[in-house]
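Scroll down for the structure; my scribbles are underneath it.
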Amino acid sequence: MMRAHRRGRKPIEGLMGGASVAREPMASPRAEPQRRPVAASVSTLVTTRPRLVVIAFVLVTILMVPGVLRLEIKVDIADYFPNSPVINADDDIQELFPPTGQSVAIVALANDGRIDAKEIRGLALFEDALWADERVRSYVDVPRDEAFQSVLSAITPALASRNLTLASVDDVTLDATLDAVLQDPRVSALMADDRSSALLVLQTRLTDGAEEDQVAVRTVAQHFREGGIEPKVAGAFIQEMNDSSIESLRILLPIALVLLIVVLALTLRRLLDAILVFAMIPMVFVWLAGSITYLHLTFSQLTFFAPILLLALGVDDGLHLLHRYREEGSNGNGPTTAMGRSISAVGLALFLTTITTSAAFASNLVSSISAIRDFGLALALGMAYALVANSLLLPALRLLIASGRETASHATGKSLENRRPPGWLVRSTIGVAKRGPLVVLMVVALTLPAVWMGSTLQSSLRNADLVADDADVIVAFEALDNHYGSVGFNNALVLVRGPIDTLRVLQAIDDVSRRAADDEHIARIGGQIQLLTAASLVRELMADPEAVSALDLSDGNGDGLPDDDDHVTIVFHALLDDPRSATVAASVLHRDDHGRYDATVLRFSNVDVKGTIEQKEVLDEVTDDVRSLQHLDSVEVTATGSPVIFHELLTDISDSMVSSVIISIIVVTLMLIVVFRSLRLGLIGVLPVILVAIWILATMRLLGLSLNVVTVTVTSMTIGVGVDYAIHIIQRYREELGRGESHEGAVTLSLQHSGSASVGAAASTGLGFMVLAFSPMNMFATFGILSTLMLAYSLLATVVLIPSLLLLTGGGSSRRRLGPRLPASVRRNRPPALTEKVTPPPPAEFADNPEE
């Protein structure tokens with residue numbers, strides 16, 4: 001039976017066997033020390049002016065609404081490219097060698113697995129459908145016979161030479177004609193070797209929107225189902241990224257919302273409390289969306305799944321606060337007193353967990369990839385907003401509802417967090433913790449091989465990672481990689497800047513062709529490597545005796561190149577001034593406004609470049625090929641193009657991960673040491689999450705996964721999110737030491753209370769992350785699985801390793817030094833230890849004393 005009287009106050013009669021509940025007024029602000037902790041100030045504000053708090057939040061939310069309405073959702077593959085000389089070189093090539101047009105590649109797949117007469121007729125029908133579409137025609141400025149390039153371009157004139165057409169020829173003759181034209185390597189390059197597909201290329205004009213023509217062609221292709229073929233457009237990739245992201249969010253967000261409200265209801269065992277915690281998230285979304293606009297951040301593809309992450313992470317603070325609120329109320333305090341003490345007691349832990357998580361996300365600012373930088377900053381802001389909402393708005397609303405609706409007749413409704421974990425579980429955990437040396441030895445034995453496995457993890461980024469698995473564009477890209485590399489859709493480029501119209505530079509460029517002859521990843525047509533350079537064009541012109549005579553050129557040594565610098569300049573002029581060669585020459589030669597040749601580009605057509613290893617091999621081959629150019633002091637040589645850019649991106653991903661993890665560890669460690677005022681506790685708090693980061697990398701290696709622009713954020717997030725559980729355990733441990741508990745008693749109570757709350761928070765967060773595992777996009781699904789495993793590892797490391805380290809290292813420490821300076825009202829209200837007899841709480845929910 002609880003004490004009937006405390007400090008001379010009359011008891012409030014209970015309803016169970018006459019049990020009475022002791023009431024204690026909330027301590028007067030004057031009774032606190034003059035320098036009040038921030039948490040105590042927040043507590044006073046919320047408990048004395050809850051309506052003012054709610055009004056302030058409403059006003060700020062209204063100010064954010066215009067930013068939400070102006071939010072620009074922009075998805076671009078360029079968001080993933082780092083700011084580097086490789087990217088700058090690619091931009092320079094686009095500026096110096098602007099194309100006169102562009103092309104859309106369509107892969108026509110044979111439904112029965114082989115292109116024959118029926119499929120050729122189907123290909124012609126598809127060309128008709130494209131030409132009949134007004135939107136597609138608006139992007140074509142040339143006649144039809146020049147607009148399309150496919151095997152039909154060879155079949156139609158072959159039939160016409162025999163006075164036949166596709167409409168009049170029989171299938172047998174058409175099959176024979178197809179076999180005949182495929183003998184030409186230039187035609188066979190437009191057909192898969194196994195004849196499972198054919199390539200159709202549509203030449204279009206340049207447009208302001210890079211994908212407008214591709215989107216128009218894709219629309220026609222998606223509705224075409226004739227002639228035994230299924231066209232897939234290798235384009236409109238940015239649009240597909242956007243569509244896949246929206247579709248993924250449309251599927252996952254409702255699932256996450258439903259799961260979260262169910263978990264909250266089961267955890268808190270009161271629908272009203274679950275709704276209040278849940279209601280904080282929409283406000284956080286509004287604030288974050290407004291901030292993205294006002295701060296001019298990029299809403300990239302990564303930002304699409306920020307709502308689900310905030311949904312999973314943003315409820316933790318509310319759960320811990322309401323858990324402590326229930327605990328304080330069960331000790332006989334009214335709603336106002338219970339809430340004030342809860343904010344004062346757990347405010348520091350909530351602040352720490354938010355700051356460390358935000359710092360971990362913000363550590364991604366070191367990345368040179370804009371999508372990762374803005375994503376990290378957006379999540380850091382979102383976590384800060386969630387803290388403000390859960391520590392101010394949530395308790396204010398809870399108090400207003402309590403004062404307006406709840407009376408002594410309302411049932412308590414035990415929450416799961418208010419139910420202490422089974423005694424055997426806590427005793428088992430403490431029993432393990434007492435074997436600290438053995439626990440540490442086992443952790444070391446587990447971590448050592450994990451370090452090696454994590455160090456061998458590779459970086460990778462495929463087009464399929466950024467869109468849905470079954471997207472048509474991925475099917476088309478795979479066909480291009482497997483069968484049509486020689487057409488030139490996967491180019492490595494080498495930009496050469498400086499005076500290039502010299503014989504020495506031209507000879508070095510020509511040497512590149514000889515070195516590239518044995519490259520594994522260079523495309524070939526009819527045995528000829530597909531490498532376009534200024535030297536290859538000069539050789540073609542020098543092979544024409546009429547041109548050599550007209551330009552008065554000479555080739556004294558018979559190497560196929562001019563004899564001196566002046567003749568090199570003459571040849572360049574001829575190539576750019578002759579209408580027959582001007583278009584091709586302008587794609588590799590740049591002449592400035594003063595007539596000086598100051599840049600050239602070497603264009604490698606590459607094949608079999610499907611992953612990280614192949615991209616590195618292409619870069620190595622190109623680097624070896626251009627050695628002669630790099631040895632020249634007069635020019636600057638930079639390799640770029642899609643294989644090189646993606647290799648640069650993957651290198652930056654690994655570097656960013658290392659940098660962000662190191663920064664996160666340093667920042668979090670310093671924060672814990674300063675706030676806990678203990679080097680020992682700071683290191684104990686951060687050690688488990690470092691181990692978890694290593695275990696996550698090893699798990700990725702075991703599962704055959706790789707680092708990419710999304711999974712790379714898991715490691716830094718591990719530091720910020722994983723340390724949250726450690727903070728709550730250690731903070732409760734300090735609190736109990738400050739109340740006079742022994743080290744073992746403090747550890748037991750921290751597991752008894754904060755440990756159970758951490759389990760509930762981890763369950764809700766884990767379910768939110770697990771929702772991402774059902775994303776149709778590989779990258780996000782992988783992120784969801786790894787994040788869920790990260791939470792499980794973090795919780796396990798917290799409840800097993802931290803108690804062991806606390807008992808192993810805390811025997812000689814001073815309680816007074818480690819214990820936080822708690823308000824007297826909180827110190828007086830020490831909860832019973834696991835071994836003490838616990839008086840059941842009264843049935844009324846914290847009915848306030850009239851004097852409060």
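When a residue number appears, it is its place in the shown sequence, counting from 1. Quick note: numbers below take in every heavy atom, side chains included, and nothing from hydrogens, waters or symmetry partners.
- Rounded to the nearest 0.5 Å, atoms CG (Leu202) and CD (Gln102) are 10.0 Å apart.
- Scanning all heavy atoms of the two residues, the minimum distance from Ala534 to Leu589 falls at CB-CD2, 3.7 Å.
- Scored by the ring-ring contact (aromatic ring centres under 6.0 Å, His included) test, Phe237 finds Phe477 as partners (sequence neighbours excluded).
- For the pair Arg591 and Asp501, the salt-bridge criterion is not met [side-chain N within less than 4.0 Å of a carboxylate O].
- Not a single donor-acceptor pair under 3.5 Å links the side chain of Gln222 to the backbone N or O of Thr219.
- Taking CG from Leu705 and CE from Met779, the interatomic distance works out to 13.0 Å, rounded to the nearest 0.5 Å.
- Under the salt bridge (charged side-chain N to carboxylate O under 4.0 Å, His left out) criterion, Asp175 pairs with no residue, sequence neighbours left out.
- Taking the salt bridge (charged side-chain N to carboxylate O under 4.0 Å, His left out) definition, one finds that Arg144 meets it with Glu127, Asp128, sequence neighbours left out.
- Remark: Arg539 CZ to Thr533 OG1 distance equals 9.0 Å, nearest 0.5 Å.
- With sequence neighbours excluded, no residue satisfies salt bridge (charged side-chain N to carboxylate O under 4.0 Å, His left out) with Glu621.
- The aromatic rings of Phe646 and Phe81 lie perpendicular to each other, with more than 60° between the two planes, well past the 30° mark.
- Of the charged side-chain nitrogens involved, at least one lies within less than 4.0 Å of a carboxylate oxygen, so that Arg218 and Glu240 count as a salt-bridged pair.
- Between Asp184 and Arg186 a salt bridge is recorded (basic side-chain N to carboxylate O distance below 4.0 Å).
- Closest heavy-atom contact between Asp116 and Leu178: CA-CD2, 4.4 Å.
- By the 4.5 Å heavy-atom criterion applied to side chains, Leu190 and Gln149 are counted as neighbours.
- Within a 6.0 Å sphere centred on CZ of Arg162, heavy atoms belonging to other residues, nucleotides or ligands number more than 12.
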Using side chain to side chain contact (heavy atoms under 4.5 Å, CB included), reason through Val473 and Val233 one step at a time and then give a plain yes or no. CA-CA 6 Å; Val473 67; Val233 179; over 6 Å; no
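- For the atom pair CZ (Phe126) and CD (Glu119), the distance works out to 15.0 Å, reported to the nearest 0.5 Å.
- In summary, of the residues considered (Leu532, Val571, Leu576), a side-chain contact (heavy atoms from CB on, under 4.5 Å) with Leu537 occurs for Leu532 alone.
- Here the straight-line distance linking atom CG of Leu531 with atom OG of Ser605 works out to 8.5 Å at 0.5 Å rounding.
- Scored by the ring-ring contact (aromatic ring centres under 6.0 Å, His included) test, Phe604 finds no partners at all (sequence neighbours excluded).
- Shown here is Arg514, whose CZ atom has more than 12 heavy atoms of other residues, nucleotides or ligands within 6.0 Å.
- Checked against Trp131 for a side-chain contact (heavy atoms from CB on, under 4.5 Å), the options Val140, Val220, Val136 give a single hit: Val140.
- By the 4.0 Å N-to-carboxylate-O rule, Arg205 lies too far from Asp213 to be salt-bridged with it.
- In terms of the salt bridge (charged side-chain N to carboxylate O under 4.0 Å, His left out) criterion, Asp565 has no residue partners (sequence neighbours excluded).
- Side-chain atoms of Ser370 and Thr298, non-hydrogen and from C-beta on, never get closer than 4.5 Å to each other.
- Ser660 contributes no side-chain N or O that, together with a main-chain N or O of Ser363, makes up a donor-acceptor pair within less than 3.5 Å.
- Between the side chains of Ser300 and Tyr80, no donor-acceptor pair of N or O atoms lies under 3.5 Å.
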